[in-house]
Amino acid sequence: MDRYEPLKIEAKWQKIWDETNAFKATEKKDTPKLFIAEMFPYPSGAGLHVGHVRNFTIVDVLARFYRQQGLNVMRPFGYDTFGLPAENYAIKTSTAPQEITKQNIDNFRKQAKRLGYAVDWSREINTSDPEYYKWTQWCFLQLYKKGLAYQKESYQWWCPEDQTVLANEQVENGHCWRCGHEVEKKKMKQWFFKITEYADELLDEIDSLDWPDKIKTMQKNWIGRSVGAEIDFKVAGIGSLETVSREGNDPSEASEPRNDGRERARSRENQSSYHSVKVFTTRPDTILGATFLVVAPEYPGLDYLITDDTRDAVLDYKKSALKKSEIERQENKEKTGVFTGSYAINPATKEKIPIYVADYVLAGYGTGAIMAVPAYDDRDREFAEKFNLPIIEAKLVDRDLYGTPKTTYKMRDWLISRQRYWGCPIPIAYDKDGNPHPIPEDQLPVTLPEIKDFQPDKSGHSALAKAKDWLKVTIDGEEMTRETDTLDGYACSSWYLWRYASPHDKKHAWDEKAVKYWEPIDIYVGADHAVAHLLYIRFWCKFFADLGLLPFREPIKKLIYHGYINAPDGKKMSKSKGNVIDPLDVINDGYGADTLRTYEMFIGPVELDAAWDPRSVGGVYRFLNRCYNLVFNSDFENTSFEGNPQSLRGLSDEPRKDGREERPEKDGFSKSCRHKTIKKVTTDIYKSQFNTAVAALMEYVNELYKNGAEKEDLTTLAKLLKPFAPHLASEMLEKLGASDEWPTWDDKYLTADTVELIVQINGKLRAKIAVSVDDLEDEAKITSLALSDEKVAKYTNSGIKKSIFVKKAHILNLVV
RNA sequence: GGCCGAGUGGCGGAAUUGGUAUACGCGUUCGACUUAAAAUCGAAUGGAGAAAUCCGUACGGGUUCAAGUCCCGUCUCGGCUACCA
């Protein structure tokens, strides 16, 4: 009796795969390709966790499945290595982040190999490798050349703990996404990418993507397009011709934080030059009901709406509103505000209506001013009720009558400057007048200098500012000073999928031909970054498509977004709670990688979070053990496997315990069971329903134990099992002398000769009668068969009112 | 507050999209093997009932020959978003 020893089997096959470069991908002209990858990991010092395993295994199951089907599969691997954890660790231990990163990568690679992933290891990517970030800088320069990378001074989210600014996407509920510290506003000159330029296309193409609806909706909401109109309201009593509004249509203004305290040092004589307030509304048709205007506390023209009587109250209000943190504004939803002292003329009613200032109007959205229609808008009604303003249920008018059509977005431009050392240097230098100049492409990469002190400070500059020699650079003979900000890590991951196509290209970011063959990625798997990374990479794709450098406008065809794995108690795993499951422990406890992989696919539907259950791991191990026994502890060559593996212990002569002598029509049964399983597993994998695919394999094994297995059953089982448990399946296939070519099914074997007719009386199940499949064609015969059943007859003595026969479900429902 | 999901045995979860509710796994119970235990194998396992039967997919209604699935209302939980005009 051979024992299933996963650790032995796995070591054997991993060695073979490693030594033969088994999963190297090359472009093959006449073979359909499939490019699949996970969102590459940030290699932390802790090594792989069970969430990584779920992520990577989904990719691996699909990669192996399609490979077995004969597709030319590319499944690369990479590491997203710039970022705060490595830098913070470097500060703590005075070790260079380069060194820490190298160690972590080595560990990740080793662990990923231990899981048996079918990776083309020649395509590894590391974003902090100068060979890689040279091209990240090149990408930046392309954006810069087209005016899509620009600088702007503005208030930005600042994390006092991490000493860096954050993008809007990195602020969660007023706190830093990394360290959880409450963020503040700081006025700084920062670099941005003009993602808003592509807002419409990013929005309009979402529906065409094969992505989960959840992610599509999140992106739509994030972009937040509102179609409406801008309407001018003349300010009563002030008589000049200029307009009060946010200046211009500069989309960069959209990045302005919401409660910035911008003060405009305008001279008093300018006061008379403002004579109207421009509002944005999505409901210009409700203008007859607009009974007052409201402007944000930061509204640029606010000073000129104030009268001597109201000055103190308004300025007080503004001051206190600006002092409030984002969180305080969120907590207190009670409407507050004060009358400015000015009135505007409603262009539709010609009524004179008051202008208020209130912090429920946001400076960063629309024009920073609204027309309040309390009859139609809950917030306006609340305000009106509190301040006793008229609420008029007016008729609707034509939308275009009083304003000009205008579309606005919630999405802001992407803030990319980071005041940290461990990032990709921004390839810019400043001349002595402070004007930015791009580093010429032939001087790339701008390499991170090796320094000793990584500690950032309040200066607003990264530790790079202390690398005095590095700062100096000569461009076109002119002495300049380098930019000390580094790029947001998301920039590095906004193009890596294209780098996978030609990861060693020294002349280009990506090779045109290779990209044309492999890209766009067919299946991308992840559990995070619904609006950040997945939006940024779409933006860069469109940009480079516009430059003619990519032959497609959407980078990701299909997205699989899976759930998290939680601790057995259902809570998030965390070091502090001490409930972390280490996948390597599971393997080394003797279960092996195959059990771990198969268990994580069996744990539940991909898209849902799941709780780790150590006992179920054991269940999956038992299943693989049974698979092993079928091949290694049965005499399938000579006889059909009969009964159970105990037969191998000399019990095979004993009669079956269940009294069944010989199963009738064994051939037909065996075939139908086999083909049913092939179909179920194949279609389930196509649908990413890995849990039910594994369940179907378990059912199949149970059947084979019960009814005996032919060699064909065992090769089929091994082939179907291989994506999930590749080591064991390879061992089985080797013993069976079979290839791993994916099996096909024939529907003709799926229909049995006899079928159970379900007889319902008034919709309730009353009898199951075995009938031949041919009889299903004849409703009259079916009905008489049913009526001749004793039990059915009992219910139908008094006649049948109606009879419904559903052939496909072999159900006969009799209404009495 | 807004939008979107979800609610099925003791537990994780299935259910050909309107057609036998609870596949598969865990747990539990019984049996076989064993001096014994583990492992393994077999059987049983929604609830009530001696049984025929009845009741069961969060709750209340409805449509239908037939509802976990569709419609209306209520409750609960989760996710995203948060005064976006």
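Every chain is numbered from 1, with letters handed out A, B, ... down the list of sequences.
- Under the 6.0 Å cut-off for aromatic ring centres, Y409(A) and W222(A) do not qualify, their centroids lying 6.0 Å or more apart.
- Ranking rC65(B), rA14(B), rU20(B) by closeness to the N813(A) side chain, first place goes to rC65(B).
- If you take CZ of F383(A) and C1' of rG1(B), they are 19 Å apart, rounded to a whole angstrom.
- Taking the six-membered ring where tryptophan is involved, the planes of Y628(A) and F632(A) are essentially parallel, since the angle between them stays under 30° and well short of 60°.
- Remark: S226(A) is in phosphate contact with rA85(B), judged by side-chain N or O atoms under 4.0 Å from OP1 or OP2.
- Scanning all heavy atoms of the two residues, the minimum distance from V620(A) to T595(A) falls at CG1-O, 3.8 Å.
- Cation-pi geometry between K335(A) and F383(A) is not met: the NZ or CZ atom fails to fall both under 6.0 Å from the ring centre and inside 45° of the normal.
- Contact annotation for A809(A): backbone-only contact, meaning every heavy-atom pair under 4.0 Å involves sugar-phosphate atoms and none involves a base.
- Listed candidates were rA14(B), rA85(B), rG25(B). Nearest to the side chain of V361(A) is rA85(B).
- The listed nucleotides are rA21(B), rG19(B), rA14(B); the one nearest the side chain of V806(A) is rG19(B).
- Between rG25(B), rU40(B), rG19(B), one nucleotide has an atom nearer to the side chain of S616(A) than all others, and that is rG25(B).
- The nearest heavy atom of RNA chain B to F602(A) and to N691(A) marks one nucleotide each, and the one closer to the 5' end goes with N691(A).
- An anti base is found at rG62(B): its glycosidic angle is more than 90° from 0.
- Contacts of K680(A) classified as side chain to side chain contact (heavy atoms under 4.5 Å, CB included), with partners at least two apart in sequence or in another chain: D684(A), T692(A), A696(A).
- With distances taken from any side-chain atom of R622(A) to the nucleotides rC26(B), rA14(B), rG19(B), the minimum falls on rC26(B).
- Residue I603(A) is classed as a sugar-phosphate contact, given heavy-atom separations below 4.0 Å to backbone atoms only.
- One interatomic measurement links the two molecules: OH of Y705(A) to C1' of rU40(B), which rounds to 9 Å at whole-angstrom precision.
- The separation of rU69(B) from rG62(B), taken at their P atoms, amounts to 14 Å, rounded to a whole angstrom.
- Looking at heavy-atom distances under 4.0 Å, V815(A) makes contact with sugar-phosphate atoms alone, never a base.
- At the heavy-atom level, N221(A) lies nowhere under 4.0 Å from the strands shown.
- Set against rU53(B), rA85(B), rC65(B), the side chain of Y795(A) has rU53(B) as its closest nucleotide.
- With rG79(B), rU20(B), rG25(B) as the candidates, the nucleotide lying closest to the side chain of N702(A) is rG25(B).
- Contact annotation: Y360(A) side-chain N/O to rA85(B) OP1/OP2 distance is not under 4.0 Å.
- Taking a pair as Watson-Crick or G-U with both hydrogen-bonding distances under 3.5 Å, the stems of three or more pairs touching RNA chain B are B:1-7 with B:75-81, B:10-12 with B:24-26, B:27-32 with B:40-45, B:46-48 with B:53-55, B:58-62 with B:70-74.
- Remark: K572(A) is positioned above the aromatic ring of Y564(A), its terminal NZ or CZ atom under 6.0 angstrom from the ring centre and at most 45 degrees off the axis.
- One atom, OH of Y376(A), and another, P of rA85(B), lie 18 Å apart when rounded to the nearest Å.
- Closest non-hydrogen pair, K571(A) versus N566(A), comes out as O-CB, 3.3 Å.
- Taking for each of E699(A) and R766(A) the nucleotide of RNA chain B with the nearest heavy atom, the 5'-most of the two is the partner of E699(A).
- In this structure, rU53(B) is classed as anti because its glycosidic torsion departs from zero by more than 90°.
- Across rC65(B) and rU20(B), the matching C1' atoms stand 16 Å from one another, rounded to whole Å.
- Ranking rG42(B), rC26(B), rU20(B) by closeness to the R626(A) side chain, first place goes to rG42(B).
- Residue-level contact check: Q760(A) touches the bases, meaning some heavy atom is under 4.0 Å from a base atom.
- Among rC26(B), rU53(B), rA85(B), the nucleotide with an atom closest to any side-chain atom of T281(A) is rA85(B).
- Using a 4.0 Å heavy-atom distance criterion, G619(A) is classed as a sugar-phosphate-only contact.
- Here the separation of rU17(B) from rA38(B), taken at their C1' atoms, is 46 Å to the nearest Å.
- Rounded to whole angstrom, the span from the NZ atom of K768(A) across to the P atom of rG19(B) amounts to 16 Å.
- Taking the P atoms as reference points, rC70(B) lies 23 Å from rC77(B), given to the whole Å.
- Among the atoms of the strands shown, none is found under 4.0 Å from any heavy atom of K676(A).
- Taking the centre and axis of the six-membered ring of Y705(A), the NZ or CZ atom of R626(A) falls inside the cone set by 45° and 6.0 Å.
- Among rU20(B), rG25(B), rA85(B), the nucleotide with an atom closest to any side-chain atom of M698(A) is rG25(B).
- Spacing between atom CD1 of I215(A) and atom P of rC4(B) amounts to 16 Å, rounded to whole angstrom units.
- D213(A) comes within 4.0 angstrom of no nucleic acid atom, judged by non-hydrogen atoms across all strands.
- The base of rC83(B) is paired with the side chain of K335(A) by a donor and an acceptor separated by under 3.5 Å.
- When the C1' atom is compared between rA37(B) and rU16(B), the two are found 46 Å apart, to the nearest whole Å.
- Spacing between rA51(B) and rA14(B) at atom C1', rounded to whole Å, works out to 32 Å.
- Between R3(A) atom CZ and rA39(B) atom C1' there is a gap of 9 Å when expressed in whole angstrom units.
- Between K764(A) and rA67(B) there is no side-chain polar atom (N or O) within less than 4.0 angstrom of OP1 or OP2.
- Computed from coordinates, the I758(A) CD1 to rA66(B) C1' distance equals 13 Å when rounded to whole Å.
- For rC41(B) and rG78(B), the P atoms lie 40 Å apart once the distance is rounded to whole Å.
- No more than 12 heavy-atom neighbours from other residues, nucleotides or ligands sit within 6.0 angstrom of NZ on K676(A).
- Rounded to an integer number of Å, the gap from K216(A) NZ to rC3(B) C1' is 17 Å.
- If you check every strand for non-hydrogen atoms under 4.0 Å, R225(A) touches nothing.
- Straight-line distance between the C1' atoms of rU22(B) and rC55(B): roughly 16 Å, to the nearest whole Å.
- No side-chain donor-acceptor contact under 3.5 Å links Q760(A) to the backbone of L765(A).
- Stacking of R674(A) on the aromatic ring of Y700(A) is not recorded, the 6.0 Å distance cut-off and the 45° axial limit not both being met.
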